[in-house]
> 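First, the structure itself, so that you have it in front of you.
Here is how names work: the chains are called A, B, and so on, in the same order as the sequence lines, proteins then strands, and each is numbered from 1. In what follows, every heavy atom counts, from backbone to side chain, and hydrogens, waters and symmetry copies are set aside.
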Amino acid sequence: MKPLILYFTADFPSYEILKRFLEEVDPEIVKYVEIGIPEINPLYDGPTIKATHSMALKNFQREHLRQFAEILIKKGIRVFALSYYDRINKEGTNFIHYLKDSKFSGIIIPDLLTDYSEESERIIPEIEENFSFIPFFNPATPDTVIQEVSSKTSSWIYYGLQPSTGIDIPFDLNEVSRRILDLVANREINFGFGIRTIEQIKEILGLGSSGVAIGSLMVQYLKDNDMEGFRNFQNSVRGVYLNAE
Amino acid sequence: MLSTQDSSIIPNEWYNIVPDLPKQLPPPVDRDEKKSSIQLLNQILPKAILKQEFTFQKYTKIPEEVQEIYAQIGRPTPLFRAKGLEKALDYNGKILLKYEGATITGSHKINTAIPQAFYTREEGSTGVVTETGAGQWGTATTVAASLAGITSKIFMVKISFNQKPLRKQIIELYGGEIVPSPSRETKFGTEILSRNPDHPGTLGIAISEAVEYALEHDLKYMLGSVFNSVLTHQSVIGLETEKQLEILGEEPDVLIGCVGGGSNFGGFVFPLMRKFKETKIYASTASEVPKFSKGEYKYDFVDTAKILPSIKMYSLGSDYVPEKIYAGGLRYHGAAPSLSMLVNSGRINSSDMPEDKVIDALKLFARTQGIVAAPESGHAIATAIDYVKNNTDQKETILVNVSGHGLMDMSIFQR
């Protein structure tokens, strides 16, 4: 089955609630989970995810990351961290080692290629020595950057369909998809950012994307502690995925 | 000595530099987690413009109607050799001029006003609102709106409004409505005036008023510069120049243009950078608004009221109030993100020019070439003259974009 990736901000809305949601993640359909590390200024996230960061900040404890990973790994789900560069810069390789020891499979750094491209030349090989660096590209990433960074990594690629999450910018899904698939052939490319309906998931899977990453769409279930809604949501996505097979 | 007026020189596609940049362009961001200023763009811009703003496509087809209007308004604009200036400077190399002052509104601004008005009408809106500094953008907007059969309302920076009364007359002649900014027609303008009734206005304040007015009256907002879609439309300048150079059999060693928000500069330089990879490039700014030499490369607001998104650019701060220099078009606090990135990487050099030196350059240019250039363009000409004086032994080909004429800015010479 094609991969479904779910995104959760660590400790949003609280440690306990998120833990219960992670226990409910269905391994038959969810292949990876991204855990976002809360930041004061998650610059490239849209308003919905940004709000989760500011709420999660007061609850966040680094040790929780290991516990979240444990829950998911037991189910056979791979876990990836999503962190802005500032934290990696401040905490250095210790943070990468901590994530690796906690059984994270890799890391996504949304602002690295945009704001720290010089540092990226040094840090990508450093990360790759420990675990996977997941390239994050979007429609504004130049062709040469996509090709160069792809060639330095071997994991899956995260392709954001929008410049930021949760924002409705008109774009031609066909054009946007075809571009990345043409630029990087024979690689697992998962699409995300701005996926707001189950219908869109169906459409994206039909365009040749390996899988789909979902974040903003689940925030309300977490906020309302609506476990039933989350289960139904997973079941709806399962239906779409089965039909796409 | 026009190279050609052949309409086949007008391109049928615009060029967007973003996919060709050496690094990823930092996207516009929201600074307020409660409301999205990027989402706001959905309300105030035509969808086609928004799509062009964020597209990864290098080329976008120019609608046929826009191509036809480009021909009507004087495109292709001429490219010619400035022999008079060369002689006055005793220069052994060549100085070539791309002259955007030859359009019907006398500046490059019409190049983006036409497509923006076209898309506004196509999407069913009845009118457009915008700001203007020196008045060139306001004039271009009004002409484009009238040609498209929609209304236009212009907030003009007060100091320029007072200095250039002819702008008011011409904008009204073309069918537009014009008010000095800060004004009492918006909450933001009223607030500024209550603090300082004699506020001279800035482009940042005028942008804020125009956006607020568009939102309140369900109209579309026209982007004058800075935004990527505008630089894309302005690429007609560089694309035409590329073909004209081919006809003339010339290759430039140096490219020079002036920078307000960066649209005439980007539109001129970016298409040429594809072919002439080693060319030296100079962005000429006003010493009084030294955004590249004294500004910081950071995320900052496009407008003073902080309604529009933050973009990563060289900026003197969105609340910066520049000196009352005559070149109103260069008084903007920031510069387009793509241009800022290329200045930051060292690919594009910057050159600050003080107003007195610009006035001397304009006089020399008028007496040797017969062209009264716009004060903004005078900065590019002054930079070119400086370059020649510092490189007298070189035999280089210097290509300057003269972004507009200055026939409505004559009072600059009365100082």
Side-chain angles (χ1 to χ4, degrees), chain A residues 39-55 57 110-121 135-149 159-172 175-180 182-183 193-194 216, chain B residues 16-43 45-61 119 123 227-229 232 270 274 297-300 309-313 337-338 340-342 344-346:
Chain A
E39 290 298 336
I40 294 170
N41 184 18
L43 200 58
Y44 297 130
D45 280 293
T48 310
I49 299 294
K50 249 185 196 159
T52 67
H53 278 253
S54 47
M55 243 178 117
L57 261 177
D111 56 347
L112 183 70
L113 299 176
T114 316
D115 294 333
Y116 304 96
S117 63
E118 282 81 16
E119 287 87 338
S120 73
E121 289 176 21
F136 171 73
F137 303 136
N138 69 34
T141 315
D143 294 0
T144 48
V145 175
I146 291 180
Q147 283 159 333
E148 204 188 311
V149 175
Y159 189 61
L161 296 165
Q162 301 262 15
S164 164
T165 66
I167 286 165
D168 187 19
I169 304 289
F171 63 94
D172 184 327
E175 275 179 9
V176 172
S177 320
R178 206 169 43 244
R179 183 237 185 171
I180 187 76
D182 287 348
L183 277 173
F193 264 44
S216 315
Chain B
N16 166 30
I17 195 174
V18 174
D20 280 340
L21 287 170
K23 294 194 284 184
Q24 183 165 332
L25 195 66
V29 296
D30 284 317
R31 298 282 279 274
D32 184 341
E33 70 181 43
K34 292 192 180 64
K35 56 180 185 203
S36 168
S37 54
I38 303 178
Q39 199 68 285
L40 168 80
L41 297 179
N42 262 320
Q43 288 170 260
L45 300 183
K47 295 277 177 262
I49 296 295
L50 200 59
K51 197 174 165 190
Q52 288 169 13
E53 192 56 41
F54 292 102
T55 185
F56 63 88
Q57 300 282 12
K58 280 184 206 175
Y59 299 97
T60 301
K61 191 180 174 341
Y119 291 124
E123 293 181 21
F227 282 84
N228 190 49
S229 50
T232 297
F270 292 169
R274 296 171 307 167
Y297 184 49
K298 62 176 184 183
Y299 267 102
D300 199 6
S310 274
I311 54 175
K312 194 163 184 183
M313 61 178 172
S338 50
S340 292
M341 175 190 274
L342 292 166
N344 187 249
S345 72

> Please classify the contact between Glu118(A) and chain B as side chain, backbone, both or neither, with a heavy-atom cut-off of under 4.5 Å.
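Glu118(A) touches chain B through side-chain heavy atoms alone.
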> Which bit of Gln57(B) is near chain A, if near means a heavy-atom gap under 4.5 Å: side chain, backbone, both or neither?
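Just the side chain, heavy atoms under 4.5 Å.
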> If you tally heavy-atom pairs under 4.5 Å against chain A, which of Leu41(B), Asp20(B), Leu25(B), Val29(B) wins?
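With the most close heavy-atom pairs to chain A, the winner is Val29(B).
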> For Pro142(A) versus Pro19(B), what's the shortest heavy-atom pair and its separation?
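That would be CB-O, 3.2 Å.
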> Is any side-chain heavy atom of Pro27(B) closer than 4.5 Å to a side-chain heavy atom of Tyr44(A)?
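Side chain of Pro27(B) against side chain of Tyr44(A), heavy atoms only: contact under 4.5 Å found.
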> Let's test your reading of the structure: which of Lys47(B), Lys58(B), Met341(B) forms the most heavy-atom pairs below 4.5 Å with chain A?
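Option with the top pair count is Lys47(B).
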> Are Pro26(B) and Asp115(A) close enough that some pair of their side-chain heavy atoms sits under 4.5 Å apart?
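Heavy-atom side-chain distance check passes, below 4.5 Å.
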> Under a 4.5 Å cutoff for heavy-atom pairs, which residue among Val176(A), Ile146(A), Thr141(A), Val145(A) has the most contacts with chain B?
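The option with the most such pairs is Thr141(A).
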> About how many Å separate OG of Ser120(A) and NZ of Lys23(B), when rounded to the nearest 0.5 Å?
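Output value for this atom pair is 9.5 Å.
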> To the closest 0.5 Å, what do you measure between CG (Asn138(A)) and CZ (Phe56(B))?
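The distance works out to 11.0 Å.
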